[in-house]
Every structure is written in C-alpha cells, then in structure tokens.
Amino acid sequence: TGKREGVLQLPRSALAAWDTAARTANIFIIEGDTARMRKVTTGITCGDLVEIVSGLKGGERFVTRGSFNLKEGDRVTIAENSNSRTQIPK
C-alpha cells in the first residue's frame with residue numbers, strides 16, 4: 001500500500017448529498033455565520049472518511065452533522081468541540 005500526502009478528507013456525515021457513481025457530493029461551507037452549499041468532487045473512501053478531490057480548500061469550515069436540515073443561506077452557530085473535525089488544516 002502507498003501513502004499520499006496532502007489529501008483532504010471529510011467524514012461521510014458532512015456530505016449533504018452524495019452521488020457515488022458521478023463522484024460528486026454537496027457539502028455546506030460556513031462563511032461567517034451562514035451556510036453555503038457547495039458541490040465537491042469525491043475520490044477514495046476509507047472507513048468513515050471520504051477524499052475530496054476538488055471544490056474545497058484547506059482551512060475552510062464545513063458542517064459535519066445535521067446538514068439535511070440546512071438550506072442555502074441559513075444562519076448557523078459553530079459548536080467548538082475538542083473532538084470536532086469542523087475545519088480542514090491549512
């Protein structure tokens with residue numbers, strides 16, 4: 001097995017919708033206190049993690065749970081948690 005550096009991964013629970021055949025998903029990005037839907041391209045999965053090939057940059061905040069209740073432009077509150085993976089490292 002090989003090792004790849006710099007791979008962005010999200011938990012499956014962060015995907016609001018996922019088309020595995022088309023390798024695309026919708027996620028909610030947090031801009032200030034507002035949820036914005038964004039389409040991303042997915043790659044390899046490993047357990048609960050899904051590789052994000054394009055559409056997301058390091059450092060961006062995203063919704064990890066409850067996105068099925070969100071719609072574009074909804075206001076959100078960030079819940080800081082030591083176990084949370086709400087931000088991708090830069």
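Quick note: numbers below take in every heavy atom, side chains included, and nothing from hydrogens, waters or symmetry partners.
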Contacts of T45 that satisfy side-chain hydrogen bond (donor to acceptor under 3.5 Å, both in side chains) - sequence neighbours left out: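 Counting only residues at least two positions away or on another chain, T45 forms no side-chain hydrogen bond (donor to acceptor under 3.5 Å, both in side chains).
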
By side-chain hydrogen bond (donor to acceptor under 3.5 Å, both in side chains) - contacts of R38 (at least two apart):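 side-chain hydrogen bond (donor to acceptor under 3.5 Å, both in side chains) list for R38, sorted by chain: E60.
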
Pairwise side-chain contact, V76 with L70, heavy-atom cut-off 4.5 Å (strictly under):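 They are in side-chain contact.
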
Sub-4.5 Å side-chain heavy-atom contact between L10 and V40: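 L10 vs V40: side chains apart.
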
Distance-only check: which donor-acceptor pairs under 3.5 Å involve side-chain atoms of residues 15-32, not counting sequence neighbours?
residue, atom, partner, partner atom, Å
W18, NE1, T42, OG1, 3.3
D19, OD1, A21, N, 3.1
D19, OD1, A22, N, 3.0
R23, NH2, G43, O, 3.4

Spacing of CD belonging to Q9 relative to CG belonging to D48, to within rounding of 0.5 Å: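 So the gap between those two atoms works out to 10.0 Å.
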
CD1 on I52 to CD1 on I44, rounded to 0.5 Å: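 Going from the CD1 atom of I44 to the CD1 atom of I52 covers 12.0 Å.
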
Cluster link I78 to V63, ILVMFWY, side chain under 4.5 Å: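 As far as the 4.5 Å side-chain criterion goes, V63 and I78 are connected within one cluster.
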
E72 (side chain) donor-acceptor with M37 (main chain) under 3.5 angstrom: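 Side chain of E72 to backbone of M37, a donor-acceptor pair under 3.5 Å: yes, one is there.
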
Check: T34 side chain, R75 main-chain N or O, donor-acceptor pair, under 3.5 Å: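 Checking the backbone N and O of R75 against the side chain of T34, no donor-acceptor pair under 3.5 Å is found.
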
Non-hydrogen atoms of S13 and S67 that approach each other most closely: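 Shortest heavy-atom contact: O-OG, 4.4 Å.
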
